[in-house]
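Here the structure comes first, spelled out in structure tokens, and everything after it is commentary.
FYI, side chains are in, hydrogens and waters are out, and symmetry mates aren't considered; it's all heavy atoms of this structure.
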Amino acid sequence: MAENKESVVLSRTTELKPSKKLRIMEALNGPLRMLPVIFALVVIWVIFTVLNPSFLSPRNLTTLSVQIVNMGVMSIGLFLVLLHGELDLSCAAASAVSASVGAMICIIFEMPFILGFGACLLTGVIVGFIQGWIVTKFSAPAFIITLGSQMALEGLLLVILREHNQISLMNSSLAVFTTTYLPTWLSYLLLAAGTAVLFILSYQSFAQAKKNNLPVKLMNKVVIPTASVLVGGVIVLEIMRRYKGLNLSVLLLIVLLAAFSYILTQTRFGVHLYALGSNPEAVRRAGISVKNTKWAAFIISGAVFAFAGLIASSRVQSVSISSIDDSIMMNSIAACVLGGASLTGGKGNIWGVLLGSLVMGSLANGMYLIGAETSTRLIVQGAILVAAVVLDSFIVHASTTKR
């Protein structure tokens, strides 16, 4: 009789114990979400280095870092929208229109840089404000609203540039974002300052967790992250130093990522945004305004899209009626999903956007170096987008399947 009871208890314990496959999927849907992306990035770099050894040259890696900035900034804005379970298809059009407004102010009307920059960001904010209001006021699907906005913004761009099919930014103040390289001493000084800020914030978080009797370790919470940033930063700066140095646009991307990382993890708005994507009903019952949170996300993302437009126009040194590039929208969505953002909302790390952008940017850069045709590039990038979405759905489904 005792043996039967022991066998029943053992049987129930075995049933409750997660399978090895489920544990792996739960890890990939959580702390190890970046592992497949890092592996894919390493494989891509190895393949292109074998095909063209100049891929890992300081010159090409520095160029690659500048090339991905536009996608990285665009992906930050998309990430904010994806967090609450929506998708913005107007990002490319919004960025082009905003950059055109800034160019008109600075170049055509010869106004100071600050006015052009402010007008650009304000245009993005207005676009986000209107779209967010429509989505929240009428509970309309953002997918359709932003698709309609994209068409309207394309028409608006034609109106803005009716008399100027192309506005050159050559030697203008708006071109400084991608044409400015920082001196080595300043780059290392900024790295030291950034590492110090990270150490202070990490230690404060560690101390607060200890105060609340949470199981945290100084090594995992403070030492390893700070040391990783310092060592990684030194390696990156040494590579860039051998060509032209750290580009201003790359620095601005890192600053944006750091700022939004703090906002999304250390402020109420960030917590509410994650919660909204995970369980909207629970957020509503907690007394948090779902509409205002969504609306704010659209407004902020609009400003980010506008800044991405400035980066893009600075890189090509002009704005034109062909500035709307739908491929950057698709690549940015792929970068977000590859970086761990879930299309269902509520998941992801803002730093994953950087990894996802590196993957997509490395593919484009590598195929250019080996002389691949445009058709091949589009096929590969489209396949990567589909694979990223399928992988996200598979991991989410597998990690939530009942044992």
Any pair counted as salt bridge (Lys or Arg N to Asp or Glu O under 4.0 Å), so long as it reaches residues 222-241, sequence neighbours left out: E238-R241
Heavy-atom pair of closest approach, residues [X] and [Y]:
X	Y	value
N70	A308	OD1-O, 3.0 Å
I68	G361	CG2-CA, 3.8 Å
T136	W295	CG2-N, 4.0 Å
V66	S249	CG1-OG, 4.1 Å
S172	I107	CB-CD1, 3.5 Å
S313	A99	OG-CB, 4.0 Å

Side chains of [X] and [Y], heavy atoms from C-beta outward: is any pair under 4.5 Å?
X	Y	answer
L191	T195	yes
V37	L41	no
F55	I370	no
C120	V101	no
M329	C91	yes
H272	V283	no
V97	V127	no
S65	N247	no

Tell me whether the rings of F199 and Y203 are parallel (<30°), tilted (30 to 60°) or perpendicular (>60°). parallel
Geometric class of the W133/F138 ring pair [parallel <30°, tilted 30-60°, perpendicular >60°]: perpendicular
Side-chain donor or acceptor of [X] paired with backbone N/O of [Y] under 3.5 Å:
X	Y	answer
S323	V319	no
S301	A297	yes
S149	I145	yes
N331	S327	yes
T146	L89	yes
S98	S95	no

From [X] [atom1] over to [Y] [atom2], what is the distance, rounded to the nearest 0.5 angstrom?
X	Y	atom1	atom2	result
L273	L264	CG	CG	6.5 Å
L87	I333	CG	CD1	4.5 Å
I263	I300	CD1	CD1	6.5 Å
L186	L190	CG	CG	4.5 Å
L246	I254	CG	CD1	8.5 Å
T123	I160	OG1	CD1	7.0 Å

Listed partners of [X] passing side chain to side chain contact (heavy atoms under 4.5 Å, CB included), at least two apart:
X	result
E281	N279, R284, R285
S139	none
A142	E86, V135, F298
L201	V197, Q204, Y262

Table please: side-chain donor-acceptor pairs of residues 72-84 below 3.5 Å, with sequence neighbours left out.
| from | atom 1 | to | atom 2 | distance (Å) |
| --- | --- | --- | --- | --- |
| S75 | OG | M71 | O | 2.7 |
| S75 | OG | S332 | O | 3.4 |

Partners passing side chain to side chain donor-acceptor pair (under 3.5 Å) against S90 (at least two apart in sequence or in another chain): D88, Q131
Restricting to side chain to side chain donor-acceptor pair (under 3.5 Å), what partner residues turn up for R59, sequence neighbours left out? none
What side chain to side chain donor-acceptor pair (under 3.5 Å) pairs are there with at least one residue in residues 36-53, not counting sequence neighbours? W45-S362, N52-S54
If only side-chain N and O atoms count, and only distance matters, is there a donor-acceptor pair under 3.5 Å linking S320 with S318? no
D326 and Q150 side chains, donor-acceptor separation under 3.5 Å: yes
Intermediate values then yes/no, side-chain contact (heavy atoms from CB on, under 4.5 Å), L122 and I126: CA-CA 6 Å; L122 180 60; I126 291 173; 4.1 Å; yes
Exercise answer: donor-acceptor pairs, residues 212-221 side-chain atoms, under 3.5 Å, sequence neighbours excluded:
| from | atom 1 | to | atom 2 | distance (Å) |
| --- | --- | --- | --- | --- |
| N212 | ND2 | Q208 | O | 3.2 |
| K221 | NZ | S205 | OG | 3.4 |

Show which side-chain atoms of residues 174-184 pair as donor or acceptor with protein atoms under 3.5 Å away, not counting sequence neighbours.
| from | atom 1 | to | atom 2 | distance (Å) |
| --- | --- | --- | --- | --- |
| T178 | OG1 | S314 | O | 3.1 |
| T178 | OG1 | S314 | OG | 2.8 |
| T178 | OG1 | R315 | N | 3.4 |
| T179 | OG1 | A175 | O | 2.7 |
| T180 | OG1 | V176 | O | 2.8 |

I need the full list of ring pair (Phe, Tyr, Trp, His ring centres under 6.0 Å) pairs touching residues 326-364, with sequence neighbours left out, sorted by first then second residue. none
